[in-house]
Enquirer: 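Right, I'll just put the structure down here and ask away after.
A, B, ... follow the sequence lines: proteins, then strands. Residue 1 opens every chain. The figures here come from the full heavy-atom set of this structure, side chains too, leaving out hydrogens, waters and symmetry mates.
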Amino acid sequence: MAITNSEIARIFEQMADLLEISGANPFKVRAYRNAARTVQNMGRSLEEMVEEGRDLTKLPGIGKDLSDTIEEIVRTGRFGKLEALKKELPEGLESLLAIEGLGPKRIRQLYDAFGVTSLDALAKLAESGEIYTLKGFGPKLVAKILKGVRLAKKAGHRFRYDIARPYAESLRAYLADFDGVIEVEIAGSYRRKKETVGDLDILVVAKAWQEVSDRFVAYEKVKEVVSKGPTRSTVILSNDLQVDLRSVPAESYGSALHYFTGSKAHNIKIRKMAMQRGWKINEYGLFEGDKQLAGESEEELYEKMGLCYIEPELREDRGEIEACMEGRLPDLVTLEDIRGDLHMHTTWSDGRATIEAMAEAAKAKGYDYIAITDHSRHLTVAKGLNEKRLLEQIEAIDALNEKMDGITILKGIECDILEDGTMDLPDSVLAKLDLVVGAVHYKFDLSREKQTTRVLKAIANPYVKILAHPTGRVIGHRNPYALDMETLYRACREEGVALELNAQPERLDLDDVHAKVAKEAGVLISVATDAHDIPSLDFMSYGINQARRGWLEKGDILNCRTLRQLRAFLKA
DNA sequence: GCCGTTTTCGGCCCGACTGTTTTCAGTCG
C-alpha cells in the first residue's frame with residue numbers, strides 16, 4: 001500500500017478542515033496543519049521511515065499521537081479518527097472553506113440549519129433568500145458568497161508563476177512609472193518565486209495614496225474593482241488574477257515587505273524569536289514596548305534579530321533560520337552562474353529551430369556550451385531519431401562545431417527509457433555521443449516497485465548521465481509517478497548520474513523540496529530548459545528560481561561547470 | 001495535538017477589515 005507524503009499531508013489538511021468546522025480546539029486544528037506542512041516539506045518518504053522503524057516524533061510538530069496516526073495511515077491506508085468525523089460531518093463540507101467570507105463557523109451554521117454540504121445547495125439557499133434567517137448573514141455577505149460560489153466553480157484558482165509574471169511585471173512598471181510612488185514591490189509567494197501564485201500582493205510607499213490608488217484601479221487590465229480603501233485597494237485583472245495594493249509608511253516598508261512576503265511559517269518563527277526576547281514584530285516594525293527597533297528595511301529587521309539576510313526564496317521554514325544561525329546558509333546560484341544548457345530539441349525531432357539557430361541563440365546568452373538532445377525513435381509523435389538519423393545528426397553537429405566559434409555543441413539525445421528499463425537505442429550508438437539524457441515518456445502508471453526498478457536500470461547504463469524530468473509531474477495536470485526517490489538519489493550518487501531540474505514552467509521537475517534533498521544526498525543537478533524553440537531558452541530563469549528555492553549553489557549544478565569539467569563528468 | 005532556558009500544564013502569532021451589529025464575531029492574510 002504505497003502512500004506519498006503529499007497524500008498524508010492532504011489527509012491531515014482534511015482532518016484540520018473538518019475539526020475546524022466541528023468546532024474543535026483551534027490549537028488542535030493548528031497542530032494538524034503544522035504536521036501537514038512538515039510532511040509536505042520533508043524530502044524523506046514517511047512510508048519508508050515507518051518501514052525502517054524510525055522515530056517520527058523527532059519531526060517538528062509530530063508528537064506521539066500524530067506519529068501513531070502516520071503509522072496507521074501507512075499500514076492501513078486509513079485514518080480512523082477522520083473516518084469517524086466524516087460520519088458526523090459529511091464529506092464535501094470542507095470544500096465550502098474555499099469560498100471567501102465563509103469560514104468554519106458560518107459553514108457549521110449553514111449545515112446545522114439547512115444541511116448545506118455543496119456549492120450548489122449553498123447557491124440555491126442564497127438565491128432563495130432563506131439564508132437571511134441566519135444570524136449574521138446580511139445582503140453584502142450573501143452577495144460575496146454568491147460571487148465566491150461562481151469563482152469556486154472555475155477550476156484552478158492558483159496561477160502558474162510564468163503566467164502571472166507578465167501581468168505582475170507590467171503592473172509593477174505601470175506603478176513605478178508614477179510620480180507619486182516612492183517604492184513598489186510585489187511581495188507574497190510571487191517574490192518567493194513559488195511555482196504557482198494565488199494572488200499578487202503589491203506594496204507601495206506613496207506620496208499621495210489616493211492618487212496612487214486611483215491610478216491602480218484605472219490600470220488597463222483591471223476587470224473589476226473589488227474594494228478601494230484608505231490603505232488597501234483590491235482589483236481583479238482580466239485573467240481573473242486578484243491583486244491587492246497596500247500603502248505602507250516608509251518607516252515600516254521593510255517590516256511590511258517581510259510580513260507580506262511570508263511565508264507565514266517563516267514569519268511565525270521569526271515572531272516567536274522576537275517574543276522570546278520580549279519584543280514584538282508586526283507589519284509596522286520590530287518593537288520593544290512602544291519603541292521601534294527596526295522596520296525601514298528587511299536587512300535591518302534581520303540584523304536586529306541577530307540573523308543574516310535570508311533570501312525570499314528560502315523563507316519557507318525549511319531550516320533557513322537555523323542554517324543562518326549556524327552560519328551555513330547557502331550562497332544561492334544565480335542565472336549568471338549558468339554556462340550552458342544540457343537539454344534542447346531542434347527541427348531534427350519536434351523542435352522548431354535548427355541546431356545552428358539554437359546554438360547561435362545560446363551563444364548570444366553567453367553560454368559556453370549546449371547539448372542537442374532530440375528525442376529517440378520510440379517517441380514517434382515527436383519524430384524521434386532512429387539510429388540512422390542520429391548518426392546523420394552527429395555528422396551535422398561535427399560540421400557545425402568546425403564552423404562555429406565561441407560555443408561548443410555537444411552531441412546528445414533524450415533517449416526514452418523503455419518499460420523494462422532498457423534504453424531505446426543500442427549502447428553501440430549511445431557510445432558515439434557526448435551525453436545521453438534518459439527520460440520516461442510513457443507507462444507513467446507502473447507500480448512504485450516497477451517504476452523504480454525501471455529507472456534504476458536505466459541509470460545503471462554506463463552511457464546515461466542525466467535523468468530528465470525525474471518525477472514526470474506537470475503542474476495542475478499530471479501527478480508525479482510513483483518512484484522511490486531515496487533509492488534513486490543513492491543510485492545517482494553511486495552511478496555518477498545527475499538529476500535534471502527541468503526548467504519548463506509547467507514542469508519544474510525536480511521541484512524545490514526534491515532538489516534540496518537530492519543535493520543533501522550528494523546528487524548533482526542539471527538545470528535545463530528542454531527548449532523546443534529559441535524563446536524557450538529563457539526558461540532557464542524559471543529553473544534557477546526553483547533551484548534557489550531548493551537551496552542549490554553553483555557547486556551543486558552540473559551546467560555551472562566549465563566545459564572541461566563537464567566533459568570530465570561525462571566521461572567518468 | 002504539540003511543546004518546554006520561566007512550564008509535563010498551560011500556553012500556542014498578530015493585526016486589520018468587513019458586515020453586521022450597537023460592541024463584536026468571523027474571516028483573512
Enquirer: Between dC3(B) and dT7(B), how far apart are the two C1' atoms, rounded to whole Å?
Expert: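 Per the computed distance, 10 Å lies between those C1' atoms.
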Enquirer: How far, in whole Å, is dG26(B) from dT21(B) if one measures between their P atoms?
Expert: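 Pairwise P distance, dT21(B) against dG26(B), rounds to 13 Å.
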Enquirer: What is the distance, rounded to the nearest whole Å, between atom CD1 of Ile268(A) and atom C1' of dC28(B)?
Expert: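 Value for this atom pair: 13 Å.
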Enquirer: Distance check: side-chain N/O of Thr231(A) vs OP1/OP2 of dC17(B), anything under 4.0 Å?
Expert: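 Answer yes for this pair, as a side-chain N or O of Thr231(A) is under 4.0 Å from OP1 or OP2.
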Enquirer: Using the C1' atom on both, measure dT27(B) against dT20(B) and round to a whole Å.
Expert: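 Roughly 13 Å separates the two C1' atoms.
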Enquirer: State the pairing partner of dT8(B); accept Watson-Crick or G-U wobble contacts with both distances under 3.5 Å, and report none otherwise.
Expert: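 For dT8(B), the partner nucleotide comes out as none, under the 3.5 Å rule.
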Enquirer: NA contact type, Pro139(A), heavy-atom cut-off 4.0 Å: base, sugar-phosphate, or nothing?
Expert: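 Sugar-phosphate, backbone atoms only, no base.
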Enquirer: With a non-hydrogen cut-off below 4.0 angstrom, is Arg232(A) in contact with a base, only sugar-phosphate, or nothing?
Expert: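 Counting heavy atoms under 4.0 Å across all strands, no contact is made by Arg232(A).
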Enquirer: Given dG15(B), dG26(B), dG1(B), identify the nucleotide with an atom nearest to the side chain of Lys105(A).
Expert: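 Out of dG15(B), dG26(B), dG1(B), the nucleotide with an atom closest to Lys105(A)'s side chain is dG26(B).
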Enquirer: CD1 of Ile186(A) to CZ of Phe260(A): how many Å apart, nearest 0.5 Å?
Expert: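 It is 15.0 Å, given to the nearest 0.5 Å.
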Enquirer: Relative to the 5' end of DNA chain B, which residue comes earlier, Gly138(A) or Lys280(A), by the nucleotide with the nearest heavy atom?
Expert: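 Between the two, 5'-proximity favours Lys280(A).
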Enquirer: Report the nucleotide, chosen from dT20(B), dA16(B), dG29(B), that has the shortest atom-to-atom distance to any side-chain atom of Glu283(A).
Expert: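 Nearest nucleotide to the side chain: dA16(B).
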Enquirer: Go nucleotide by nucleotide along DNA chain B from the 5' end; which of Tyr284(A) and Ile99(A) gets its closest nucleotide reached first?
Expert: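 With Tyr284(A) and Ile99(A) compared, the 5'-side residue is Tyr284(A).
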Enquirer: Testing His266(A), Arg192(A), Lys264(A) one by one against Glu316(A) for a side chain to side chain donor-acceptor pair (under 3.5 Å), which residue passes?
Expert: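 Result: among His266(A), Arg192(A), Lys264(A), Arg192(A) is the only option passing the side chain to side chain donor-acceptor pair (under 3.5 Å) with Glu316(A).
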Enquirer: Among the candidates dC12(B), dG29(B), dG15(B), find the nucleotide nearest to the side-chain atoms of Lys272(A).
Expert: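 Side chain of Lys272(A) sits closest to dC12(B).
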Enquirer: Nearest-Å distance, CG (Leu97(A)) to P (dC28(B))?
Expert: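 Result: 8 Å.
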Enquirer: Measure the distance from CG on Leu59(A) to P on dC3(B) and round it to the nearest whole Å.
Expert: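 My rounded result for the distance is 10 Å.
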Enquirer: Within this structure, what is the NZ-to-P distance between Lys140(A) and dT21(B), rounded to whole angstrom?
Expert: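 The answer, rounded to whole Å, is 13 Å.
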Enquirer: Do Glu520(A) and Arg318(A) meet the salt-bridge criterion of a basic N to acidic O distance under 4.0 Å?
Expert: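 No salt bridge links Arg318(A) with Glu520(A).
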Enquirer: Between Glu169(A) and Tyr190(A), do the side chains contain an N or O donor and an N or O acceptor separated by less than 3.5 Å?
Expert: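 Yes.
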Enquirer: For dG10(B) and dG15(B), measure between their P atoms and round to the nearest Å.
Expert: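 Those two atoms are separated by 25 Å.
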Enquirer: Give the rounded distance in Å between these two atoms: CE of Met15(A) and P of dG1(B).
Expert: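 Distance, rounded to whole Å: 7 Å.
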Enquirer: Tell me whether Arg549(A) is salt-bridged to Glu195(A), with the criterion being a basic N under 4.0 Å from an acidic carboxylate O.
Expert: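 Salt bridge: no.
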Enquirer: Whether the side chain of Asp244(A) and the base of dG29(B) hold a donor-acceptor pair under 3.5 Å is what I'd like checked.
Expert: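 Donor-acceptor pair under 3.5 Å: no.
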Enquirer: What orientation do Tyr219(A) and Tyr174(A) show, parallel under 30°, tilted 30 to 60°, or perpendicular over 60°?
Expert: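 Answer is tilted, since the angle falls between 30° and 60°.
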Enquirer: I'd like the C1' distance from dT8(B) over to dG1(B), given in whole Å.
Expert: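 About 15 Å, rounded to a whole number of Å.
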Enquirer: Between dG29(B) and dT23(B), how far apart are the C1' atoms? Round to whole Å, please.
Expert: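 To the nearest whole Å, 24 Å.
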Enquirer: Nearest to the Leu141(A) side chain among dT27(B), dC2(B), dT20(B), which nucleotide is it?
Expert: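 Comparing dT27(B), dC2(B), dT20(B) against the side chain of Leu141(A), the answer is dT20(B).
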Enquirer: Could you check whether Arg315(A) makes a cation-pi contact with Tyr309(A), meaning its NZ or CZ is under 6.0 Å from the centre of the six-membered ring and within 45° of the ring axis?
Expert: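 Yes, Arg315(A) and Tyr309(A) form such a contact.
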Enquirer: Hey, does the side chain of Lys81(A) come within less than 4.0 Å of dG1(B)'s phosphate (OP1/OP2), counting only N and O?
Expert: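 Yes, Lys81(A) has a side-chain N/O under 4.0 Å of OP1/OP2 on dG1(B).
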Enquirer: Applying a 4.0 Å non-hydrogen cut-off, can you work out what Lys135(A) is touching in the nucleic acid: base, sugar-phosphate, or nothing?
Expert: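 Here Lys135(A) touches no strand at all.
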Enquirer: When you compare dC17(B) with dC12(B), how far apart are their C1' atoms, in angstrom units rounded to a whole number?
Expert: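 These two C1' atoms come out 24 Å apart once rounded.
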Enquirer: OP1 or OP2 of dT27(B) sitting under 4.0 Å from any side-chain N/O of Lys144(A)?
Expert: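 Answer is no, no contact under 4.0 Å.
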Enquirer: Once you round it to whole Å, what is the distance between P of dG1(B) and CG of Asp17(A)?
Expert: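 Asp17(A) atom CG is separated from dG1(B) atom P by 16 Å.
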Enquirer: Measure from the side chain of Pro104(A), starting at C-beta and using heavy atoms only, and say which of dT27(B), dA16(B), dG19(B) lies closest.
Expert: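 The nucleotide sitting nearest to the side chain is dT27(B).
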Enquirer: Does the dG29(B) base have a donor-acceptor partner in the side chain of Tyr259(A) within less than 3.5 Å?
Expert: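 In this structure, the two groups form a donor-acceptor pair.
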Enquirer: Rounded to whole angstrom units, what separation is found between the CG atom of Asn25(A) and the C1' atom of dC2(B)?
Expert: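 Rounded to the whole Å, the gap is 11 Å.
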Enquirer: Between dC28(B) atom C1' and Lys264(A) atom NZ, what is the distance in whole Å?
Expert: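 That distance rounds to 9 Å.
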